[in-house]
Amino acid sequence: MIFLQTTGYGYSKRLCEKVVCWFVSEYLPRHKLDIEILHRSLKKDGAYGYCDITEGSYRPRSFLIELDTHLDKETYVKTLLHECEHILQWVKGELKLKSSKRYYMGECMEDLEYYQQSHEIAAYKREKELYQEYLNYLTTL
């Protein structure tokens with residue numbers, strides 16, 4: 001079961017919900033998740049999106065995804081799937097927060113540059129696969 005809330009501006013609510021619901025039904029069908037997606041400008045941050053836990057670091061089930069509103073449709077979907085992959089990492093226990101430090105598969109990510117962090121490398125790899133899976137799903141409708 002999923003509680004999904006989308007807010008912000010400059011996005012397609014229908015597309016957002018469709019992508020997230022597809023991802024959750026495919027990869028997290030038996031989990032109770034609370035996902036809030038906030039659409040806003042992230043230009044000053046130089047980012048397309050973020051994913052954070054919002055309640056408790058032990059077995060988190062409540063998440064906030066922030067997405068930039070100035071993305072083309074393909075980049076938007078890939079970025080949303082990338083952030084959903086981070087949710088999967090949290091739920092599976094691969095990504096953890098210990099003493100305010102982020103760990104992926106037992107390795108501390110805090111001192112690494114963004115593109116060197118293992119959980120980001122994994123999510124970038126998966127976003128391409130997930131995007132293709134999502135497109136394949138759309139052709140079966």
Side-chain angles (χ1 to χ4, degrees), residues 1-98 100-141:
M1 182 174 95
I2 179 175
F3 176 75
L4 177 61
Q5 178 183 5
T6 63
T7 58
Y9 62 92
Y11 71 102
S12 167
K13 182 175 182 171
R14 186 173 172 213
L15 176 62
C16 180
E17 290 175 349
K18 194 173 186 179
V19 171
V20 174
C21 289
W22 170 80
F23 182 88
V24 170
S25 68
E26 285 292 311
Y27 293 98
L28 297 162
R30 294 182 296 246
H31 291 85
K32 293 180 182 177
L33 301 172
D34 182 358
I35 302 172
E36 178 184 353
I37 302 178
L38 172 62
H39 297 82
R40 64 183 185 90
S41 177
L42 297 176
K43 280 185 178 182
K44 68 177 181 165
D45 296 344
Y48 289 164
Y50 298 110
C51 176
D52 288 308
I53 55 175
T54 57
E55 288 183 16
S57 59
Y58 178 74
R59 295 178 50 130
R61 297 296 185 263
S62 186
F63 303 91
L64 170 64
I65 292 176
E66 295 180 70
L67 292 174
D68 187 75
T69 59
H70 306 289
L71 303 174
D72 62 80
K73 185 177 178 180
E74 180 179 336
T75 305
Y76 175 85
V77 172
K78 285 181 177 178
T79 303
L80 182 52
L81 290 168
H82 176 103
E83 303 309 331
C84 285
E85 180 66 18
H86 287 315
I87 290 175
L88 182 63
Q89 292 170 344
W90 282 108
V91 170
K92 289 171 65 177
E94 296 171 348
L95 196 54
K96 294 183 179 185
L97 197 61
K98 297 178 189 173
S100 300
K101 293 185 180 184
R102 197 172 304 227
Y103 287 79
Y104 180 70
M105 306 292 271
E107 181 184 347
C108 183
M109 298 289 112
E110 294 301 310
D111 296 329
L112 299 173
E113 293 294 322
Y114 175 80
Y115 287 106
Q116 295 176 327
Q117 295 175 5
S118 301
H119 66 291
E120 292 298 343
I121 293 168
Y124 276 108
K125 181 180 176 188
R126 282 285 291 152
E127 85 180 32
K128 293 176 184 88
E129 297 166 6
L130 291 167
Y131 183 70
Q132 194 56 53
E133 285 179 38
Y134 180 70
L135 292 179
N136 292 342
Y137 161 75
L138 293 178
T139 62
T140 64
L141 296 178

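Only this structure's heavy atoms are used, side chains among them; waters, hydrogens and symmetry mates stay out.
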Interatomic distance, [X] atom [atom1] to [Y] atom [atom2] [nearest 0.5 angstrom]:
{"X": "H86", "Y": "H119", "atom1": "NE2", "atom2": "NE2", "result": "5.0 Å"}
{"X": "I37", "Y": "E66", "atom1": "CD1", "atom2": "CD", "result": "11.5 Å"}
{"X": "K78", "Y": "L130", "atom1": "NZ", "atom2": "CG", "result": "11.5 Å"}
{"X": "Y131", "Y": "L80", "atom1": "OH", "atom2": "CG", "result": "12.0 Å"}
{"X": "D34", "Y": "F63", "atom1": "CG", "atom2": "CZ", "result": "9.5 Å"}
{"X": "M1", "Y": "K32", "atom1": "CE", "atom2": "NZ", "result": "6.0 Å"}

Candidate pair S118 and E107, rule side chain to side chain contact (heavy atoms under 4.5 Å, CB included), full reasoning: CA-CA 9 Å; S118 301; E107 181 184 347; 3.9 Å; yes
Do [X] and [Y] have side chains that approach each other closer than 4.5 Å (heavy atoms only, starting at C-beta)?
{"X": "L81", "Y": "V77", "result": "yes"}
{"X": "L67", "Y": "E83", "result": "yes"}
{"X": "Y134", "Y": "K18", "result": "yes"}
{"X": "L33", "Y": "V91", "result": "yes"}
{"X": "V24", "Y": "I35", "result": "yes"}
{"X": "L28", "Y": "R61", "result": "no"}
{"X": "F23", "Y": "L88", "result": "yes"}

D111 atom CG, neighbour heavy-atom count above 12 within 6.0 Å: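 No.
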Neighbour count >12 (heavy atoms, 6.0 Å) for atom OH, Y48: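 No, because the 6.0 Å sphere around OH of Y48 holds 12 heavy atoms or fewer from other groups.
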Test L71 against Y11 for side chain to side chain contact (heavy atoms under 4.5 Å, CB included), laying out the working first. CA-CA 9 Å; L71 303 174; Y11 71 102; over 6 Å; no
With no hydrogens and no angle check, is any side-chain donor or acceptor of [X] less than 3.5 Å from a backbone partner on [Y]?
{"X": "E110", "Y": "K101", "result": "no"}
{"X": "D68", "Y": "L42", "result": "yes"}
{"X": "Q117", "Y": "L112", "result": "yes"}

Just do the side chain to side chain contact (heavy atoms under 4.5 Å, CB included) check on Y104 and E120 with the steps written out, would you? CA-CA 10 Å; Y104 180 70; E120 292 298 343; over 6 Å; no
Nearest atoms (heavy-atom pairs only) where [X] meets [Y]:
{"X": "Y27", "Y": "P29", "result": "C-CD, 3.4 Å"}
{"X": "L4", "Y": "C21", "result": "CD2-SG, 4.4 Å"}
{"X": "R102", "Y": "C51", "result": "NH1-O, 4.1 Å"}
{"X": "G49", "Y": "T79", "result": "N-CG2, 4.0 Å"}
{"X": "L15", "Y": "S12", "result": "N-OG, 3.1 Å"}

Quick one, F3 with S62, criterion side chain to side chain contact (heavy atoms under 4.5 Å, CB included). Give me CA distance, side-chain angles, the key distance, then yes/no. CA-CA 9 Å; F3 176 75; S62 186; over 6 Å; no
With ring centroids as reference points, do H39 and Y9 lie under 6.0 angstrom apart?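 Centroid distance H39-Y9: not below 6.0 Å, so no.
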In terms of side-chain heavy atoms, does H82 have a donor or acceptor partner in E85 at a distance below 3.5 Å?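 There is no such pair (donor and acceptor under 3.5 Å, judged by atom type) between the side chains of H82 and E85.
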